[in-house]
Amino acid sequence: MFSDKKTGRMASETISQQNTIAKGTVITGDIISEGDFRIEGSIQGNIKTPGKVVIGKTGIINGTLKSANADIEGKFKGKLMLSDTLSLKSSAHVEGEVIVGKLAVEPGANFNATCSMKGSLKESSNAGAGQQTTIKPTTPTTPTRPPEKGQTA
């Protein structure tokens, strides 16, 4: 890789480009990128990026989206897996399965999905860590009920 002599950084570390899928563009297939996305067109397939994905008002995704963050104004149908925040604008239409860390929904957004929040899942699974409860069986020293007529204790 190339390095910047002034900062000593590698060129790959300074990438902050945004990929744009323009209105009227239709892509069928899988996309993997290190950069952010703005989608105004249509994607039939899967997108994977460690960055942020913005689906504009005319944007449509049918497939799987894996990223850190997403802002949705358009339409999404499929499986959405985000390590951080999903922000649904009032014009958003989301259907399918959603797994996120945080969720923000504006009034008017259409959200018809099963939703799991990873943040709360981590908290509940670690809440009892390090604590142990032991239940010991006990034997009664006295009878639990009085003897019936004709029986002795």
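Here, residue 1 is the first one in the sequence, and each next residue gets the next number.
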Check your understanding: Can any side-chain N or O of D36 pair as donor or acceptor with the backbone N or O of V53 at less than 3.5 Å?
Key -> no
Exercise for review: Over all heavy atoms of both residues, which pair between S42 and Q44 is shortest? Give the atoms and the distance, please.
Suggested key: OG-NE2, 3.4 Å
Practice item. Hey, could you give me the CD/CG distance between E95 and N112, rounded to the nearest 0.5 Å? Key: 6.0 Å
Study note, to complete from the structure: Closest non-hydrogen atoms of S90 and P107, given as atom of the first, atom of the second and distance, are CB-O, 3.2 Å
Revision key, fill the gap. When every non-hydrogen atom of G45 is compared with those of I61, the smallest separation belongs to O-CG2, 4.5 Å
Review point. Heavy atoms, side chains only, cut-off 4.5 Å: are V94 and L88 in contact?
Key: yes
Exercise for review: Measure the spacing between NZ of K57 and CD of E73 and express it to the nearest 0.5 Å.
Suggested key: 6.0 Å
Exercise for review: Please report the closest heavy-atom contact between S83 and A68, naming both atoms and the distance.
Suggested key: OG-CA, 3.3 Å
Point to revise | Inter-residue atom distance K48.NZ - E34.CD, 0.5 Å rounding | key: 9.5 Å
**Study point:** Beyond-backbone contact of R38 with I21, side-chain heavy atoms, under 4.5 angstrom
**Key:** no
Check your understanding: How many angstroms lie between atom NZ of K52 and atom CG of L82, to the nearest 0.5 angstrom?
Key -> 11.0 Å
Review point. Do T49 and I32 come within less than 4.5 Å of each other through their side chains, counting heavy atoms only?
Key: no
Check your understanding: What closest approach, in Å, do I60 and I55 show between heavy atoms, and which atom pair accounts for it?
Key -> N-CG2, 4.2 Å
Point to revise | Donor on one side chain, acceptor on other, D71 and N69, under 3.5 Å | key: no
**Study point:** Chi angles and distances behind the side-chain contact (heavy atoms from CB on, under 4.5 Å) call for I43, N62
**Key:** CA-CA 6 Å; I43 297 179; N62 285 316; over 6 Å; no
Point to revise | L103 versus M117, closest heavy-atom pair with distance | key: N-CE, 3.7 Å
**Study point:** Any donor-acceptor N/O pair, N46 side chain to D30 backbone, under 3.5 Å
**Key:** no
Check your understanding: How far does CD1 of I72 sit from CZ of F111, to the nearest 0.5 angstrom?
Key -> 8.5 Å
Check your understanding: Do the side chains of T20 and F37 get nearer than 4.5 Å, heavy atoms only?
Key -> no
Review point. In the single-linkage hydrophobic clustering (I, L, V, M, F, W, Y; side-chain heavy atoms under 4.5 Å), do L65 and V100 co-cluster?
Key: yes
Practice item. List the steps and the verdict of side-chain contact (heavy atoms from CB on, under 4.5 Å) for K118 and I99. Key: CA-CA 7 Å; K118 292 193 304 186; I99 301 169; 3.6 Å; yes
Review point. Quick one: do the E40 and T58 side chains pair a donor with an acceptor below 3.5 Å?
Key: yes
Check your understanding: Quick one: OG on S33 to CD1 on I47, what's the gap to the nearest 0.5 Å?
Key -> 10.0 Å
**Study point:** Student check: side-chain heavy atoms of M81 and T64 closer than 4.5 Å
**Key:** yes
